[in-house]
Amino acid sequence: MMDQNQHLSKTAEAQHSEKRKTRNYCNGFKMFLAALSLSFISKTLSAIIMKGSITQIERRFDISSSTVGLIDGSFEMGNLLVILFVSYFGAKLHRPKLIGIGCFVMGIGSILTALPHFFMGYYRFSKDTPINPSENSTSSLSTCLINQNLLLNRTSLEIVGKGWEKESGSHMWIYILLGNMLRGIGETPITPLGISYIDDFAKEGHSSFYLGNLFAVTMIGPIIGFLLVSLFSKMYVDVGYIDLSTIRITPKDSRWVGAWWLGFLVAGIISIISSIPFFFLPKNLDKPRKEKKASVSLPVQNEEKSQMAHLIKQGQNVSETVAGFFQSLKNILTNPLYVITLVLTLLQASSHIGIITYVFKYVEQQYGQSASETSILFGFITIPTFASGVFTGGYIIKKFKFTLVGIAKFSFCSHMLSFLFHLLNFALICENKSVAGLTLTYDGNNPVASHINVPLSYCNSDCNCDQRQWEPLCGDNGITYISPCLAGCKSSSGSKKSVMFHNCSCVEVNGFQSRNNSMKLGECPKNDQCTRKFYVYIVVQIFIFFSSALGSTSNIMLVFKNVEPELKSLAMGFHSLTIRTLGGIPAPIYFGALIDRACMKWSVNNYGKQGSCRIYNSTLYGNTFFGLTTGLKLPALVLYVVLISVMKKKYQRKDIKTSENERKSVNEANLEPLSSDAAVDHETHI
């Protein structure tokens with residue numbers, strides 16, 4: 001009876017222990033899944049904020065598009081610095097803590113990106129802007145006062161000289177680069193280690209469900225990112241420090257800089273918060289109803305001996321492992337299908353990276369939209385369009401059960417469709433603005449062949465204006481003038497944003513009466529035709545995003561389906577490394593360098609050096625931007641044709657060999673019974 005009670009008590013304890021293990025396992029896994037979801041949200045949020053703030057950073061630090069491209073590519077540089085370490089040691093170390101460290105480093109990188117704002121002086125969008133923006137910012141605007149030119153020029157120099165005392169220098173953008181690189185380092189372990197942890201400790205057959213939920217929740221990050229970029233872009237960069245009523249420019253002005261730093265602070269804080277739970281999670285989650293290995297009860301001496309033997313054996317196998325790695329690498333690099341797929345996806349990725357980096361800037365410059373409007377617009381069209389495209393593409397592949405050649409054909413068709421829609425962008429490029437001194441003569445009567453060194457007109461030749469200044473005004477004739485002085489304006493009235501300039505002699509030349517020669521600050525808006533093109537452009541982008549997303553799943557399948565099963569991981573890893581190295585780093589730089597060639601008017605920073613671009617040649621910008629993407633997309637389509645052709649030959653050859661083998665086996669099977677019957681007949685005859 002006593003033995004039976006003891007047995008029952010032990011059984012109850014075992015059941016209780018098993019329940020406790022199950023509960024701890026479930027709680028730990030749920031906590032990990034929640035923390036990983038937050039980390040995925042924070043990393044996508046940071047990425048969108050960086051892409052959406054490119055134009056703001058360019059203007060704030062007075063740098064060119066190619067330099068901004070270098071800053072954007074620094075994220076991939078940071079990623080590459082630690083990707084090998086994470087790939088090799090990640091699974092052997094404490095994965096949750098490693099992910100937590102990554103999230104923390106990512107948060108520190110975002111905060112470091114925002115720090116230069118606090119070390120720099122007030123943003124001065126014009127040389128004539130007072131050192132303290134709270135002063136009347138329109139009182140110092142230079143007009144055409146012939147007898148006071150020397151005084152005005154001296155005052156302008158004094159203002160610039162004082163600006164050096166307040167500005168921290170044009171090289172502060174290096175902190176942005178380092179912060180973005182640090183963000184890339186921190187993000188590296190999150191995805192591979194997080195997914196492998198879920199795959200290892202999820203219940204059997206449930207990992208795909210959890211990963212689907214994880215990627216669905218991740219879409220919250222871009223949504224919040226676009227909303228934050230839109231919100232902060234409307235705020236002036238020095239919000240909270242100055243009287244905003246004294247700022248005379250608007251968000252649509254090419255000199256406007258929003259509160260870009262606020263987005264990075266928010267993203268950094270969220271990343272740091274997401275790192276905290278990982279430090280309280282175990283290295284491994286004990287799944288319920290799993291027996292302990294017998295080796296746990298071995299004596300210490302035997303355990304130490306086995307560990308030593310394992311280390312010796314591991315050391316002997318290092319050379320074999322290295323040789324095996326290079327042999328495997330050789331196998332995938334001598335696989336023509338893999339190499340063709342690698343090159344065509346690299347070309348596609350480079351075009352996509354360039355578009356994503358500079359599309360905000362393009363819409364702002366081409367169609368006159370503000371950064372806030374552009375961000376909210378792309379947030380509404382890209383996320384649902386891309387998600388529906390990926391889902392539809394996956395459904396079509398599953399529904400029709402495509403072969404590998406069929407998958408390649410489907411991918412080619414989807415990207416060909418995207419390419420055809422992409423060509424429509426050339427027809428949606430707006431004409432250049434009418435700008436006196438850049439596209440027209442200073443009197444506004446005649447077009448000029450080049451925007452470089454346009455000679456002064458008799459209406460402003462006696463004003464001795466500073467031609468480097470950019471303080472645009474819009475005349476009633478629809479022409480934008482570079483500055484009040486170059487427009488020949490003699491006087492001004494009003495204050496702040498409502499200032500008006502009068503007696504502008506360069507406007508009088510056009511035949512307007514004196515009552516119509518007044519001008520207001522700000523560039524003239526785009527014409528109605530350009531506005532209509534903008535609406536068509538939005539519709540075209542929806543079709544481009546959707547058709548590109550259709551083939552995204554098939555692209556991934558082509559990468560690892562054309563190699564041996566044991567080389568899949570290496571093939572995917574090398575593919576990712578190539579895209580990051582040859583696509584993610586150089587693409588933003590050479591896109592930016594070519595976009596810089598379309599600039600018509602550069603700002604001049606406090607050191608007298610070229611700063612950021614104030615206005616672009618719209619036609620040249622559009623043709624360069626879309627011409628470069630076309631030059632990358634078209635060879636990729638040609639490679640698709642080559643890939644399909646090579647795949648057909650390879651798999652047809654396999655089918656022929658298979659059918660021949662089957663035919664031989666059938667013949668042999670038919671011959672065998674005949675020979676046995678003949679033997680029986682022979683024996684019977686004897």
Side-chain angles (χ1 to χ4, degrees), residues 20-50 75 78-79 81-83 85-87 89-115 118 178-202 207 210-225 227-228 232 261-287:
R20 187 169 63 252
K21 286 181 181 179
T22 304
R23 186 168 58 252
N24 291 339
Y25 160 77
C26 291
N27 291 338
F29 188 78
K30 287 177 182 177
M31 184 178 177
F32 178 82
L33 197 61
L36 191 66
S37 299
L38 185 58
S39 67
F40 268 60
I41 290 171
S42 66
K43 77 185 184 74
T44 52
L45 169 66
S46 302
I48 293 298
I49 286 175
M50 172 54 75
F75 175 84
N79 214 295
L81 287 175
V82 294
I83 194 168
F85 172 83
V86 170
S87 300
F89 293 104
K92 301 178 182 180
L93 300 176
H94 196 298
R95 281 179 287 182
K97 284 186 178 178
L98 208 57
I99 295 172
I101 292 169
C103 291
F104 184 79
V105 171
M106 187 170 64
I108 295 299
S110 294
I111 292 173
L112 177 62
T113 303
L115 280 184
F118 301 98
L178 293 175
N180 201 36
M181 186 180 291
L182 205 58
R183 195 171 63 84
I185 292 172
E187 189 178 318
T188 307
I190 296 174
T191 301
L193 299 188
I195 291 175
S196 66
Y197 196 86
I198 289 175
D199 191 54
D200 287 346
F201 299 110
S207 59
Y210 290 125
L211 290 176
N213 288 340
L214 176 66
F215 290 122
V217 170
T218 302
M219 299 304 292
I220 296 173
I223 293 171
I224 297 174
L227 290 174
L228 288 180
F232 296 146
W261 51 276
L262 274 174
F264 290 103
L265 284 182
V266 172
I269 291 169
I270 293 175
S271 296
I272 291 173
I273 291 172
S274 70
S275 72
I276 297 173
F278 291 107
F279 295 104
F280 298 96
L281 288 166
K283 181 179 180 181
N284 297 308
L285 292 171
D286 291 329
K287 287 188 177 182

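These figures come from a predicted structure and were not determined experimentally. In this chain, numbering begins with 1 at the start of the sequence shown.
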Nearest-0.5 Å distance, [atom1] of residue [X] to [atom2] of residue [Y]:
| X | Y | atom1 | atom2 | result |
| --- | --- | --- | --- | --- |
| Leu81 | Thr188 | CG | OG1 | 8.5 Å |
| Ile111 | Ile272 | CD1 | CD1 | 3.5 Å |
| Ile108 | Ser271 | CD1 | OG | 10.0 Å |
| Thr44 | Phe215 | OG1 | CZ | 11.5 Å |
| Phe75 | Ile185 | CZ | CD1 | 10.5 Å |
| Leu228 | Leu265 | CG | CG | 11.5 Å |

For the student: nearest non-hydrogen atoms of [X] and [Y], plus distance:
| X | Y | value |
| --- | --- | --- |
| Ile49 | Gly263 | CD1-O, 3.2 Å |
| Val86 | Pro192 | CG1-CG, 4.4 Å |
| Ala47 | Arg183 | N-NH1, 3.6 Å |

Side-chain contact, heavy-atom cut-off 4.5 Å: [X] with [Y]?
| X | Y | result |
| --- | --- | --- |
| Phe40 | Thr191 | yes |
| Ile224 | Ile270 | no |
| Phe232 | Val266 | yes |
| Leu178 | Leu112 | yes |
| Ile190 | Leu36 | yes |
| Thr113 | Trp261 | no |
| Leu98 | Phe278 | no |

For residues 36-50, pull every pair meeting salt bridge (charged side-chain N to carboxylate O under 4.0 Å, His left out), keeping only residues two or more places apart or in separate chains.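 Passing the test, one end in residues 36-50: Lys43-Glu187.
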Counting neighbours of CZ on Phe279 that are heavy atoms of other residues, nucleotides or ligands and sit closer than 6.0 Å, is the number greater than 12?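 More than 12 within 6.0 Å, yes.
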So Ile276 and Phe104, side-chain contact (heavy atoms from CB on, under 4.5 Å) or not? Walk me through it. CA-CA 8 Å; Ile276 297 173; Phe104 184 79; over 6 Å; no
Please state whether the rings of Tyr197 and Phe32 are parallel, tilted or perpendicular, taking 30° and 60° as the class boundaries.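 The rings of Tyr197 and Phe32 sit tilted, inter-plane angle from 30° to 60°.
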Partner of Cys103 under side-chain contact (heavy atoms from CB on, under 4.5 Å), chosen from Ser39, Pro189, Pro277: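 With Cys103 as partner, Ser39, Pro189, Pro277 yield a single side-chain contact (heavy atoms from CB on, under 4.5 Å), made by Ser39.
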Please tell me whether Ser196 and Arg95 have a donor and an acceptor in their side chains that are separated by less than 3.5 angstrom.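 Side-chain D/A pair, Ser196 to Arg95: present.
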